[in-house]
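Note that the numbering runs from 1 along the sequence shown for the chain.
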Amino acid sequence: MATDLLLPIDDDLNRRAFVTGSAAFLGLLAAGCGPASPAPVDAGAGQRSVPHAFGTTEITGVPGRVVTLGWGPSEAALAVGVVPVAVPQGRDNGGDGSGLHPWTAEYLRTHDLPRPAVLSSGAADEPAPEEIAALRPDLILATEAGLTAQQYAVLSQIAPTVAHPGEAWATPWRDVIRISGNALGRPAESDRVLAALDDRTRAAALAHPEFVGLTITAATTYEGALIVYTASEPRAQLLAQLGFVVDSYGATENELDMSFEEAGRIDSDVVLMYHATEAERREFEAGPVPELVPQFGRGKVASVVGAANVAAVSPPTALSWPWTIDAFTAALSTAAVAAGAR
């Protein structure tokens with residue numbers, strides 16, 4: 001029996017984007033975190049160079065019209081006091097009818113901030129240059145998105161563009177906040193946001209000593225196989241912050257494809273499964289994997305179920321982590337206690 005983090009969801013999903021892209025909203029990110037109005041410009045707002053996968057972008061002053069590509073930079077911008085003029089739509093990934101994720105919509109309401117426009121494309125879709133150009137941005141922030149070199153070249157003709165710093169879709173979530181804050185001329189604000197988030201994560205880890213030292217396999221399903229997130233992947237790095245040791249099964253890439261027939265290799269203390277829908281979870285648990293992985297019959301499996309819940313930790317953002325941390329760690333705790341009891 002799996003321990004679940006479960007909310008109602010929308011079944012109409014873009015599956016592969018979802019794979020590679022609960023609790024009541026907790027209000028502020030943490031004490032003193034997440035300004036209700038734009039923060040004062042800090043000393044980092046002068047000339048600055050922001051390196052990324054396609055070169056270096058030079059930025060001067062504080063951008064006033066920011067378009068974000070990727071939910072991480074969208075929410076990092078909000079957390080440091082900048083409301084983007086447009087953000088990617090998230091209807092296929094746990095967003096509401098307007099395309100905003102629940103934690104973002106609630107943050108805007110709580111702080112009485114204007115709602116940004118929502119682009120026609122999602123975070124994993126090809127951006128539409130004409131749509132973006134019509135918004136007259138002075139910065140395009142894509143620190144988490146998977147832009148190609150060609151897409152970057154087109155967008156950088158519209159406005160200074162900051163792409164991902166390394167491998168596409170693999171920017172550590174803390175780096176998304178740090179780089180975004182620097183690009184926006186608010187490095188002190190991003191430091192403050194990160195400190196509050198780290199305090200919250202440390203507090204969660206201290207509240208759950210049962211996590212410490214347990215091995216964990218984190219995985220989802222795609223087209224009849226498992227995708228295992230290895231220790232270098234941002235989702236797995238979050239689990240390590242909480243005290244787990246992530247099993248990578250010898251893989252050096254961020255993800256490992258494992259057929260259902262190979263699932264008997266999984267020997268971690270705890271298994272964490274991400275399921276886009278409840279129907280998907282039921283279909284998976286009726287299949288061969290639970291017969292091959294004894295943790296399923298011993299209460300050592302935690303399941304994150306629902307588009308919004310999965311998006312909130314895949315990887316987390318400046319706003320989604322406070323929204324989900326309590327429910328996420330509670331689901332993990334039940335499985336970890338069962339594992340600790342052996």
Side-chain angles (χ1 to χ4, degrees), residues 16-21 44 48-59 63 66-77 79-80 84 87-88 93 121-127 139-156 159-187 190-191 193-194 197-198 201 218-220 227-241 246-257 274 311-318 320-321:
R16 186 65 187 185
F18 189 88
V19 169
T20 59
R48 55 206 179 277
S49 301
V50 185
H52 50 79
F54 304 118
T56 300
T57 298
E58 302 294 333
I59 306 171
V66 180
V67 171
T68 54
L69 302 178
W71 297 300
S74 302
E75 295 166 28
V80 301
V87 299
N93 207 329
S121 56
D125 300 327
E126 183 173 354
L139 178 68
I140 299 171
L141 196 57
T143 49
E144 185 187 36
L147 295 181
T148 65
Q150 182 178 6
Q151 290 166 349
Y152 170 77
V154 171
L155 293 173
S156 62
T161 300
V162 178
H164 51 280
E167 183 181 348
W169 303 114
T171 309
W173 69 291
R174 299 180 77 264
D175 288 354
V176 171
I177 297 169
R178 179 182 54 79
I179 297 168
S180 299
N182 183 33
L184 292 166
R186 300 180 186 273
S190 63
D191 287 346
V193 170
L194 283 168
L197 290 167
D198 286 344
T201 304
T220 190
I227 295 177
V228 176
Y229 301 118
T230 67
S232 60
E233 207 275 341
R235 295 168 183 81
Q237 291 171 354
L238 176 65
L239 295 169
Q241 273 191 281
V246 180
D247 279 332
S248 300
Y249 301 95
T252 57
E253 301 297 324
N254 283 349
E255 297 176 0
L256 167 68
D257 291 341
Y274 304 86
V313 290
S314 297
T317 69
S320 72
W321 187 222

For this session: Apply the test side chain to side chain contact (heavy atoms under 4.5 Å, CB included) to residues Leu197 and Ile177: give CA-CA distance (whole Å), side-chain angles for both, the deciding distance (0.1 Å), then the verdict.
Result: CA-CA 11 Å; Leu197 290 167; Ile177 297 169; 3.6 Å; yes

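- Contact between Pro127 and Ser121 at its shortest, heavy atoms only, is CA-OG, 4.1 Å.
- For the side-chain contact (heavy atoms from CB on, under 4.5 Å) test, residues two or more places apart in sequence or in another chain that qualify with Ala142 are Leu69, Ala145, Leu147.
- Checked against side-chain contact (heavy atoms from CB on, under 4.5 Å), Gln241 has the following partners two or more places apart in sequence or in another chain: Trp173, Arg174, Asp198, Thr201, Leu238.
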For this session: Please assess Leu141 against Val67 for the test side chain to side chain contact (heavy atoms under 4.5 Å, CB included), listing each intermediate value before the final yes or no.
Result: CA-CA 6 Å; Leu141 196 57; Val67 171; over 6 Å; no

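- With respect to Ile179, the side chain to side chain contact (heavy atoms under 4.5 Å, CB included) criterion is satisfied by exactly one of Pro73, Pro165, Pro187: Pro165.
- Looking at every heavy atom in both residues, Ala218 comes nearest to Leu239 through CB-CD1, 3.8 Å.
- Ser74 places a side-chain N or O within 3.5 Å of a backbone atom of Gly70 that can act as its donor or acceptor partner.
- Residues satisfying the side-chain contact (heavy atoms from CB on, under 4.5 Å) criterion with Thr230, sequence neighbours excluded, are Ser232, Ser248, Ala251, Leu256.
- Judged as a side-chain hydrogen bond (donor to acceptor under 3.5 Å, both in side chains), and not counting sequence neighbours, Thr161 has no contacts.
- The distance from atom NE2 of His52 to atom OG1 of Thr57, rounded to the nearest 0.5 Å, is 3.0 Å.
- In terms of the side-chain contact (heavy atoms from CB on, under 4.5 Å) criterion, Asp191 has no residue partners (sequence neighbours excluded).
- One distance of note links CD of Glu255 with OG1 of Thr220; it measures 9.5 Å at 0.5 Å rounding.
- The CZ atom of Phe54 sits 10.0 Å away from the OG atom of Ser156 when rounded to the nearest 0.5 Å.
- Taking each heavy atom of Thr171 and His164 in turn, the nearest pair found is OG1-CB, 3.8 Å.
- You'll find the side chain of Ser190 stays beyond 4.5 Å of the side chain of Ser180, heavy atoms only.
- Side-chain N or O atoms of Glu144 include none that pairs as donor or acceptor with a backbone N or O of Val176 at under 3.5 Å.
- In this structure, the side chains of Thr68 and Pro88 come closer than 4.5 Å at one or more pairs of heavy atoms.
- Considering only residues two or more places apart in sequence or on other chains, Ser49 meets the side-chain hydrogen bond (donor to acceptor under 3.5 Å, both in side chains) condition with Glu58.
- Annotation: side-chain hydrogen bond (donor to acceptor under 3.5 Å, both in side chains) contacts of Gln150 (sequence neighbours excluded): none.
- Annotation: the span from Glu167 atom CD to Asn254 atom CG amounts to 4.5 Å, rounded to 0.5 Å.
- The two residues Pro234 and Ala170 come nearest to each other via the heavy atoms CG-O, 3.9 Å.
- Remark: Tyr274 engages Tyr229 in a ring-ring contact (aromatic ring centres under 6.0 Å, His included) (not counting sequence neighbours).
- The minimum heavy-atom distance linking Arg186 with Val80 is given by the pair CD-O, 3.1 Å.
- The shortest heavy-atom contact between Gly185 and Arg48 is N-NH2, 3.2 Å.
- For the side-chain hydrogen bond (donor to acceptor under 3.5 Å, both in side chains) test, residues two or more places apart in sequence or in another chain that qualify with Glu75 are Trp103, Thr104, Thr317.
- The closest side-chain heavy-atom distance from Val162 to Ile59 is below 4.5 Å.
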